[in-house]
Amino acid sequence: MVIFDSVTKTKREFIPLKEGEVSLYVCGPTVYDDAHLGHAKSALVFDLLSRVLKAEGRHVKYARNITDIDDKIIKKAKELGVTIKEITDRFTEAYHRDMAELGIKRPDIEPKATESLDAMFTMIQNLVNKGHAYQISNGDVYFDTKSDEGYLSISHRVQDEDEKQNRVLNSDEKKNSADFALWKSVNDGDISFDSPFGAGRPGWHLECSAMIEKHLADSTCKYAVDIHGGGADLLFPHHENEAAQTRCSTNHEIAAYWMHNGFVNIDGEKMSKSLGNSFFIKDALKVYDGEVLRFYLLSTHYRSNFNFNEEDLIAAKKRLDKLYRLKKRLFGLEVHADMDTAFKTKLLDALQDDLNISLALSIIDEMVSTVNETLDTAGKHKELKREAMIDMAYIEEILGFGMKNPFEYFQTGIDKATKELIKELIEKRNEAKKVKDFESSDRLRDEILSFGVSIMDTPQGTFWEKV
RNA sequence: GGCGCCAUCGCCAAGUGGUAAGGCCGGAGCCUGCAAAGCUUCUAUCCCCAGUUCAAAUCUGGGUGGCGCCUCCA
């Protein structure tokens, strides 16, 4: 496996801390609202990564956090007059539902901030003890960025410039303008948690470092985890600060490899909360099949920015359709043996190169095309069919494409009653065709088509699909 | 202002020194009562300029044009 490490900005051969094992930590959502396409992209990318690592025969320990303490959550809870737990439970559940629709597997560990406070306290205490953190008069505890020689080594920023930017916004008591809060004190009776540093709530960056130490890290290793991932926007300040906390409170760096996925834009415009053009997954799912969305969002390399638009989505759907067409053609054939094929090797090879999905998809297209061609010319070809089934099962396993029953896949969006009606009309039409009453059969076909479906006459019978 | 990314066929998109993958759309054909699906076939020299090299889409320099981070954000 070769991974593009976004800190060294080079492709590097992946060498795990412990042979055969991989620890992967990905920054997950803050659960105060529904998940949008950006959350989907990130979750999809790292779902793919963990699948590929597993396909290589590695044992993967994948953690993705749920941020359930945050100012935005508190604000929303106040607005709605409910507890923060009601908010976080509701949106955690929604997140899980949306991710499942996209065929994303649950990570092995999903730590929550509320369940990781002990680890955060330990980290803050270590930082204070080692002189990397200090408390100011109002109770806030800050990380002293000047005390960390490695600070800004992750994002390669220049300190002075950032200071100019931040000076006005920050508290006078802070030693350096870039210092960030580890603990924010609360005195006004607002929602808070008890801690050795007084009542308050943790700074956002802290939880990831603490969770990694608690769930994944081995203090005998040079790095806390093998791979740390997240959206490109998190590189600074979030990941820079995480790295600083871990570096200064423990005896290791936080991650050996960093992976950052590109952004999702909508029709050429940046999608962001401040612009208010977030596209929720649940809304997209009303119009598009979850697996089509999965295929579409995954069809571009993870580091590129992704421009979401309907025309491209339709083209992606047509491409996925071809895989399902072949699956339909092979339907009913049982596969027993799990053998290696040239196709499987090629597909894995492509994905092992920093998740080269475009190359992987072209390999799938070629396989589909070759099998179709052979089936057309050579007729019944049991061995070929069997191998194709094995290959498709592999695509399902490693990429999560082709998971559905192919007949149902092509009929999504048509209700049951209509399905029955269509079935009857097709029978009538076939009666008419039998006696070569083409006038009636064409009339019936038009009637069937009016439901927004297309029909196909094949040697196996007549099939229909939603257009 | 600081740091950084990108620019390949109408559209999406691989390829990072050896002579342009794949998909969508479109044209022609096979098959089919018609159609759909499938199959065959056709369509680019890689934003511009200069340089390095036997050889560059791929390296260097300079343009031009997009974009991101620096503030909550995946």
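We name chains A, B, ... by the order of the sequence lines, and we start the count at 1 in each one. What you see is a predicted model, and the numbers here were worked out from it, not measured in a lab.
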A:Asp71 and A:Arg201 ion-paired at < 4.0 Å: yes
Could you note down all residue pairs passing salt bridge (Lys or Arg N to Asp or Glu O under 4.0 Å) where residues 227-238 of chain A supplies at least one of them, sequence neighbours left out? none
Report which part of the nucleic acid A:Val45 touches: base, sugar-phosphate, or nothing (heavy-atom distance under 4.0 Å, all strands). nothing
Qualifying residues under side-chain contact (heavy atoms from CB on, under 4.5 Å), relative to A:Ala316, sequence neighbours excluded: A:Phe295, A:Tyr296
With sequence neighbours excluded, what pairs up with A:Pro237 under the side-chain contact (heavy atoms from CB on, under 4.5 Å) test? A:His205, A:Asn241
Rounded to whole angstroms, how far apart are CG on A:Leu323 and C1' on B:G23? 13 Å
Between B:U16 and B:A57, how far apart are the two P atoms, rounded to whole Å? 14 Å
List the residues meeting side-chain contact (heavy atoms from CB on, under 4.5 Å) with A:Asp457, not counting sequence neighbours, and say none if there are none. A:Arg429, A:Lys433, A:Thr462
Need to verify one output field. Residue with the more 5' nearest nucleotide on RNA chain B, A:Asp365 or A:Arg429? A:Asp365
Planes under 30° and centres closer than 5.5 Å, is that true for A:Phe263 with the base of B:G68? no
In Watson-Crick or G-U wobble terms, both distances under 3.5 Å, what is the partner of B:G18? B:C54
At under 4.0 Å between heavy atoms, what does A:Gly38 touch on the DNA or RNA strands: base, sugar-phosphate, or nothing? base
Please give, in whole Å, the distance from B:G4 P to A:Leu235 CG? 12 Å
So what does A:Arg325 touch, heavy atoms closer than 4.0 Å: a base, only the sugar-phosphate, or nothing? sugar-phosphate
Those residues of residues 287-314 of chain A lying under 4.0 Å from RNA chain B by at least one heavy atom: A:Thr300, A:His301, A:Ser304, A:Asn305, A:Asp312
Heavy atoms from C-beta onward define the side chain here; which of B:A74, B:C24, B:C39 lies closest to that of A:Ala315? B:C24
Tell me what A:Ile455 touches on the nucleic acid: a base, only sugar-phosphate, or nothing, going by heavy atoms under 4.0 Å. base
Identify whether any heavy atom of A:Lys322 sits under 4.0 Å from a base atom; if not, whether one sits that close to sugar-phosphate; answer base, sugar-phosphate or nothing. sugar-phosphate
Of the listed nucleotides B:A14, B:G2, B:A74, the one nearest the side chain of A:Cys27: B:A74
Testing B:G2, B:A74, B:A14 for proximity to the side chain of A:Asn356, the answer is B:A14
Take atom C1' in B:G1 and the same atom in B:U43, then report the distance between them in whole Å. 47 Å
Could you give the distance separating B:U60 and B:G23 at their P atoms, to the nearest angstrom? 32 Å
Check this for me, if you would: do A:Glu465 and A:Arg325 make a salt bridge, where the nitrogen-to-carboxylate-oxygen distance has to be below 4.0 angstrom? yes
Ring-face cation of A:Lys72 near A:Tyr32 (centre distance under 6.0 Å, axis angle within 45°): yes
Tell me, please, which residues at least two apart from A:Lys85 pass side-chain hydrogen bond (donor to acceptor under 3.5 Å, both in side chains). A:Asp89
Quick test: give all pairs of protein nitrogen or oxygen and nucleotides 16-19 of chain B nitrogen or oxygen below 3.5 Å, distance rounded to 0.1 Å.
none

I need the full list of salt bridge (Lys or Arg N to Asp or Glu O under 4.0 Å) pairs touching residues 235-246 of chain A, with sequence neighbours left out, sorted by first then second residue. none
Applying the 3.5 Å cut-off to both distances, the Watson-Crick or G-U partner of B:C25 turns out to be none
Can you tell me which residue pairs pass the salt bridge (Lys or Arg N to Asp or Glu O under 4.0 Å) test with a partner in residues 400-411 of chain A, sequence neighbours excluded? A:Asp289-A:Lys404
Under the side-chain contact (heavy atoms from CB on, under 4.5 Å) test, residues paired with A:Val2 that sit two or more places apart: A:Lys11, A:Glu13, A:Asp353
Check A:Asp5 with A:Arg12, please: is the shortest side-chain N to carboxylate O separation under 4.0 Å? yes
Suppose you measure atom P in B:C5 against the same atom in B:G10; what distance do you get, rounded to whole Å? 28 Å
Could you check how far CH2 of A:Trp204 sits from C1' of B:U71, rounded to whole Å? 11 Å
Quote, to the nearest angstrom, the C1' distance that separates B:U58 from B:C72. 39 Å
Measure from the side-chain heavy atoms of A:Ser358 and tell me the nearest of B:G38, B:C70, B:A21. B:A21
From C-beta outward on A:Lys433, which listed nucleotide comes closest to its side chain: B:A74, B:G23, B:G33? B:G33
When the P atoms of B:G66 and B:G27 are considered, how many whole Å apart are they? 34 Å
Using every non-hydrogen atom in the two residues, find where A:Cys208 and A:His238 come nearest and quote the distance to one decimal. SG-NE2, 3.5 Å
As a test of reading the structure: which of B:C24, B:C73, B:G23 is closest to the side chain of A:Lys318, going by heavy atoms? B:C24
What is the pairing partner of B:C30, taking Watson-Crick or G-U wobble pairs with both distances under 3.5 Å in any strand? B:G38
Paired nucleotide for B:A44 [Watson-Crick or G-U wobble; both distances under 3.5 Å]: none
Mind checking A:Glu366 for me? I need base, sugar-phosphate or nothing, with any heavy atom below 4.0 Å counting as a touch. sugar-phosphate
I need the CZ-P distance between A:Arg157 and B:C70, as an integer number of Å. 7 Å
5'-most by nearest nucleotide on RNA chain B - A:Ser362 or A:Ser441: A:Ser362
Rounded to the nearest Å, what distance is computed from the CG atom of residue A:Asp34 to the P atom of nucleotide B:A74? 13 Å
Which part of the nucleic acid, if any, lies within contact of A:Asp70, taking any heavy atom under 4.0 Å across all strands shown: a base, the sugar-phosphate backbone alone, or nothing? nothing
Which side-chain N or O atoms in residues 359-369 of chain A pair as donor and acceptor under 3.5 Å with protein atoms at least two apart or in another chain?
{"from": "A:Ser362", "atom 1": "OG", "to": "A:Leu359", "atom 2": "O", "distance (Å)": "2.8"}
{"from": "A:Asp365", "atom 1": "OD2", "to": "A:Arg319", "atom 2": "NE", "distance (Å)": "2.8"}
{"from": "A:Asp365", "atom 1": "OD2", "to": "A:Arg319", "atom 2": "NH2", "distance (Å)": "2.6"}

Who is the Watson-Crick or G-U wobble partner of B:C5, with both distances under 3.5 Å? B:G66
If you only use heavy atoms from C-beta on, which nucleotide in B:A74, B:G2, B:A14 is closest to the side chain of A:Thr30? B:A74
Between B:G63 and B:C73, how far apart are the P atoms? Round to whole Å, please. 36 Å
Is any N or O donor-acceptor pair between the side chain of A:Asp442 and the base of B:G33 shorter than 3.5 Å? yes
Are A:Arg64 and A:Phe46 in a cation-pi setup, meaning NZ or CZ lies under 6.0 angstrom from the ring centre and within 45 degrees of the ring axis? no
Length of the line joining A:Trp258:CH2 and B:A74:C1', which is rounded to integer Å: 15 Å
Could I get a table of every N or O pair under 3.5 Å where one atom is in the protein and the other is in nucleotides 40-46 of chain B?
{"from": "B:U40", "atom 1": "OP1", "to": "A:Glu373", "atom 2": "OE1", "distance (Å)": "3.1"}

Selected nucleotide, minimal atom distance to A:Arg329 side chain, candidates B:G38, B:C73, B:A35: B:G38
Between B:C30 and B:U53 - C1' atom distance, rounded Å: 49 Å
